[in-house]
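Everything below concerns the one structure shown next.
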Amino acid sequence: MDGNFSPAAILSIVLLAVVLSSSTASLEPFDLLYDDAVQAFSDSDYHSVVRYMEGALHSYTEVRRTKVRCRLMCQDQHPFDETFSDLRFPDVVLHRAACMNKCIEEKLGTQSMHKVNEDVVQDFHRRIPYNYLQLAYQKLKQPDKAAAAAHTYFQANPEHVEMGQNLEQYKNVEGVEEEHFVDREARPHQHSFTAAVRLYDKGDYEGAIALFEEALVEYYKADMECRALCQWPQRFEGYDYLRYRYSLYEVISDHFTQVLHCEHECVRDLATRPGRLSPMENYLPLHYDYLQFAYYQVEKLEEALQCALTYQLFHEEEEFVMENVDYYREVLGHDGKPREKAAWYLRRHKQELELLLIGSKTMGVEFTEGNYWSSTGGRDDSNSNNFVLSAQHTADRPVQSNMFVWCAMAVSPCLVRFDMLNPFLSVLDEVSLPCSQTDNYHKSTHIAHVTIATLYAHAPGVSGFPLVQTAGWSMFPSRRRRTVTVTAPQHLKEGGSLVYDSVQLVQNSAALNGTQRVLLDHVISEEECSDLRHLAHAVTMAGDGYRGRMSPHTPNEKFEGATVLKTLQYAYEGRVPMRSARLFYDASERARRIIESYFQLNSTLHFSYTHLVCRTAITGQQDHRNDLSHPIHADNCLLDPEANECWKEPPAYTYRDYSALLYLNGDFDGGEFIFTEMDAKTVTASVKPRCGRMVGFSSGGENPHGVRAVTNGQRCAVALWFTLDPLFRELERLQADEVIQELDVQAVWGQGLSINPKDEL
């Protein structure tokens with residue numbers, strides 16, 4: 001086949017995808033259903049909310065499932081064989097493309113129908129539809145379904161304090177049972193692993209083994225599906241290969257590298273729980289660590305050896321697993337082999353890394369291998385304290401002279417220091433029992449939990465401990481939790497000049513229980529507040545600044561906004577007074593100067609984004625409401641409350657350094673601005689908005705903040721974000737500067753305005 005392609009044959013293959021594109025089925029796109037559901041929610045049509053939102057979730061799931069099925073089916077139907085030539089490769093690729101196009105369109109309809117905006121996709125990843133469903137089911141008096149939706153949402157949004165409170169309330173509602181609190185989006189491999197750990201901790205090793213084995217099957221299945229979903233358009237940040245005039249092979253290389261990078265990162269994706277930013281440490285190897293000791297506990301040493309050898313594939317130099325392998329070999333009298341599935345998985349992983357390094361170099365982008373198998377994550381056996389060292393494990397060899405002895409610690413044996421337990425050295429030898437990876441870490445502490453009754457039973461000549469005394473020294477701590485302490489920028493200062501005589505300091509960082517925080521009053525006057533509110537009513541549009549999303553933070557409020565340049569455009573067109581547009585520009589500049597001066601910054605503070613925003617409570621949706629108007633977050637990093645970390649990485653606006661909110665009114669209910677600890681729950685300070693009041697703070701993880709629900713009326717403010725890096729100055733602000741300069745020239749020389757702000761947009 002390889003040498004006999006005619007141009008007509010090649011053309012026919014290319015056209016096959018088009019010929020087979022006629023669809024026999026059609027699935028309504030989930031983004032359209034989602035929009036219908038949101039609109040129905042605004043109209044308080046809760047039956048339609050449920051119908052459309054459940055339909056959207058079904059459509060979303062079916063699209064993903066179909067893509068996976070088709071990709072895997074077509075891959076099996078058109079494999080790469082051992083023969084290879086310049087034409088064999090495109091032959092397989094083109095046939096796979098035609099196969100997938102036919103398969104997908106038969107089940108979903110025309111693929112172009114399912115090209116969904118990335119913001120909508122992110123909403124589904126964040127499980128936002130379940131927030132709407134929870135509220136709709138609550139209104140429809142279906143608490144069991146509301147509880148399931150709330151539980152599902154909360155799993156991916158654990159920082160959502162109000163949803164947690166809702167769940168507690170549902171537990172006390174008649175008709176709601178424990179089985180109703182299900183995660184409708186649970187990932188099977190993680191669900192089985194979590195259940196297995198629970199059984200392991202209870203000492204049910206047979207049950208734990210079954211679930212750990214099930215978790216591994218589900219993990220490798222999920223890995224295959226994750227990789228299949230990477231076979232679609234990819235894009236590196238700041239890089240678009242289609243804009244470059246590369247040769248055929250360079251274009252193929254670039255796209256393949258992006259797909260391969262996505263596939264390689266499935267390791268991280270599968271280890272990351274919903275709503276979390278950091279993966280569970282040592283996730284896949286940990287299955288084999290648990291299994292090797294569980295099999296040991298049920299006296300299946302062949303399987304224990306196999307799992308220990310498999311764990312060793314991931315951590316070749318780990319001392320504890322080397323010792324365990326030696327123990328199993330000694331007891332069994334022969335060696336074993338690691339599991340082939342894991343060995344193949346690692347071989348592929350290493351080969352991918354080699355290809356990624358080559359491909360990334362060709363693309364001119366930097367690639368850094370992640371620490372996928374961090375060895376800091378391990379079993380926590382500290383909850384079991386009834387393991388007794390049996391006589392069959394006691395050696396008859398002479399006492400060792402060194403200070404270390406193997407003993408029973410919790411479920412697993414461990415190396416401990418017995419320089420304070422010398423009387424027992426005559427009865428306990430260096431007993432070799434398998435250890436866990438966690439135990440190995442604790443060897444360095446030289447502390448152990450020792451069951452004293454066990455030691456006493458083997459040392460009848462020792463007195464001083466009652467036979468019934470079974471409590472020992474402090475148990476080992478559970479595995480280390482990696483904590484990143486977020487600090488504000490170095491060389492912090494505050495208390496500088498407020499620049500304007502009218503501005504009054506209300507509270508500094510100490511009074512606000514934090515760092516780099518300030519609360520000021522009289523930044524603008526009552527008249528200026530009124531003008532800016534009128535401007536907001538005339539200019540702001542629903543969803544402006546948030547890609548058109550009317551309610552980007554909560555479905556219970558309408559969100560409207562406008563930028564400085566947009567208000568200047570409206571003024572140029574005569575739709576609002578130029579004086580008001582100029583006031584917005586000047587007030588934001590006043591705020592910038594105050595923040596720069598008060599925090600005594602040594603370099604110029606530049607605008608990163610400026611936004612005139614109003615949040616309006618939606619009538620009929622405020623009963624029993626307890627969500628936030630704006631969830632707790634940090635402005636330049638991704639807040640991870642459970643890990644007590646804030647990740648300074650995209651999609652966070654990592655270049656932002658300071659933030660400020662200038663309030664225009666206080667005649668509404670709720671809407672307090674709050675600072676919290678990094679747990680996103682503990683409120684450290686609360687600010688009630690009022691005209692002319694401004695809160696300013698550094699933008700990092702040291703200042704998590706949010707906004708309480710606006711339950712009645714409208715809350716308006718000027719939101720400002722600043723950067724010290726001139727490379728990240730707000731483009732619209734620079735364009736607005738040009739318009740203002742032209743206005744100033746016009747005022748001096750009486751000329752007409754030659755710059756149309758609309759052209760600058």
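Quick caveat: nothing in here was measured; it's all calculated off a predicted structure. Atom set for the values below is all heavy atoms of this structure, side chains included, hydrogens, waters and symmetry mates excluded.
- The SG atoms of Cys103 and Cys70 lie less than 2.5 Å from each other.
- Salt bridge annotation for Arg127-Asp183: present, with a cationic side-chain nitrogen under 4.0 angstrom from a carboxylate oxygen.
- Counting only heavy atoms from C-beta outward, the side chains of Thr194 and His191 never approach each other to under 4.5 Å.
- In this pair, Phe293 and Tyr296 present their aromatic rings tilted. The plane angle is within the 30 to 60° band.
- In plain terms, the two heavy atoms of Pro338 and Thr310 that are nearest each other are CA-OG1, 3.6 Å.
- When ring centroids are compared, Tyr34 and Phe124 come within the 6.0 Å threshold.
- With hydrogens and angles left out, the side-chain atoms of Glu318 and Tyr311 include no donor and acceptor closer than 3.5 Å.
- Between Arg126 and Asp123 a salt bridge is recorded (basic side-chain N to carboxylate O distance below 4.0 Å).
- Counting heavy atoms from C-beta on, the side chains of Asp627 and Leu135 never come closer than 4.5 Å.
- Looking only at atom types and distance, the side chain of Asp679 has no donor-acceptor partner in the side chain of Asn644 under 3.5 Å away.
- At least one donor-acceptor pair under 3.5 Å links the side chain of Arg227 to the backbone N or O of Glu263.
- Counted by atom type alone, Glu323 and Tyr328 present zero donor-acceptor pairs between their side chains at under 3.5 Å.
- No hydrogens or angles considered: nothing links the side chains of Tyr219 and Gln190 as a donor-acceptor pair under 3.5 Å.
- Every side-chain hydrogen bond (donor to acceptor under 3.5 Å, both in side chains) that Gln155 has, sequence neighbours left out, goes to His151.
- Between Val197 and Phe212 there is a side-chain heavy-atom pair separated by less than 4.5 Å.
- Taking the ring-ring contact (aromatic ring centres under 6.0 Å, His included) definition, one finds that His287 meets it with Phe193, Tyr283, sequence neighbours left out.
- Between the Ser192 side chain and the Glu214 main chain, no donor and acceptor come within less than 3.5 Å of each other.
- The nearest pair of heavy atoms linking Ala634 to Leu639 is N-CB, 4.5 Å.
- Side chains of His633 and Leu628 form no contact here, defined as non-hydrogen atoms less than 4.5 Å apart.
- Atom CZ of Arg347 sits in a crowded spot, with more than 12 heavy atoms from other residues, nucleotides or ligands closer than 6.0 Å.
- Using a cutoff of 4.0 Å between basic side-chain nitrogens and carboxylate oxygens, Arg348 and Asp223 are scored as salt-bridged.
- Residues Lys139 and Val49 form no side-chain contact, since every pair of their non-hydrogen atoms from C-beta on lies 4.5 Å or further apart.
- The side chain to side chain donor-acceptor pair (under 3.5 Å) contacts involving residues 172-181 comprise nothing, where partners must be two or more places apart or lie in separate chains.
- Using a 4.5 Å cut-off on side-chain heavy atoms (C-beta onward), Leu357 and Leu353 make contact.
- Ion pairing of Arg71 with Asp76 is absent here, as no side-chain N (NZ or NE/NH1/NH2) approaches a carboxylate O to less than 4.0 Å.
- Contact between Asp269 and Cys226 at its shortest, heavy atoms only, is OD2-SG, 4.0 Å.
- Side-chain atoms of Tyr288 and Gln306 include no donor-acceptor pair closer than 3.5 Å.
- Taking the six-membered ring where the residue is Trp, the centroids of Tyr130 and Tyr153 are separated by 6.0 Å or more.
- With Asn282 contributing its side chain and Pro285 its backbone, the two residues share no donor-acceptor pair below 3.5 Å.
- Summarising the geometry of Thr654 relative to Lys648, their closest heavy-atom pair is O-CE, 3.1 Å, with the distance given to 0.1 Å.
- Counting non-hydrogen atoms of neighbouring residues, nucleotides and ligands closer than 6.0 angstrom, the NE2 atom of His47 reaches no more than 12 such neighbours.
- Contact record, Leu167 with Ala147: CD2-O, 3.9 Å, taken as the closest heavy-atom pair.
- Contact annotation: the side chain of Met73 approaches that of Cys99 to within less than 4.5 Å [non-hydrogen atoms, C-beta and beyond].
- Looking only at distances, no side-chain donor or acceptor of Thr257 sits under 3.5 Å from a matching main-chain atom of Leu356.
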Disulfide (SG to SG under 2.5 Å) between Cys230 and Cys262, worked out: CA-CA 6 Å; Cys230 289; Cys262 173; 2.0 Å; yes
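- Between Ile632 and Thr676, the closest side-chain pair of non-hydrogen atoms falls below 4.5 Å.
- Between the side chain of Ser59 and the backbone N or O of Gly55 there is no donor-acceptor pair closer than 3.5 Å.
- Side-chain N/O atoms of Thr152 and Glu185 include no donor and acceptor closer than 3.5 Å.
- Cys pair Cys646 and Cys637 passes the test of SG atoms under 2.5 Å apart.
- Salt-bridge formation is detected for the pair Arg184/Glu54: a Lys NZ or Arg NE/NH1/NH2 atom is positioned less than 4.0 Å from an Asp or Glu carboxylate oxygen.
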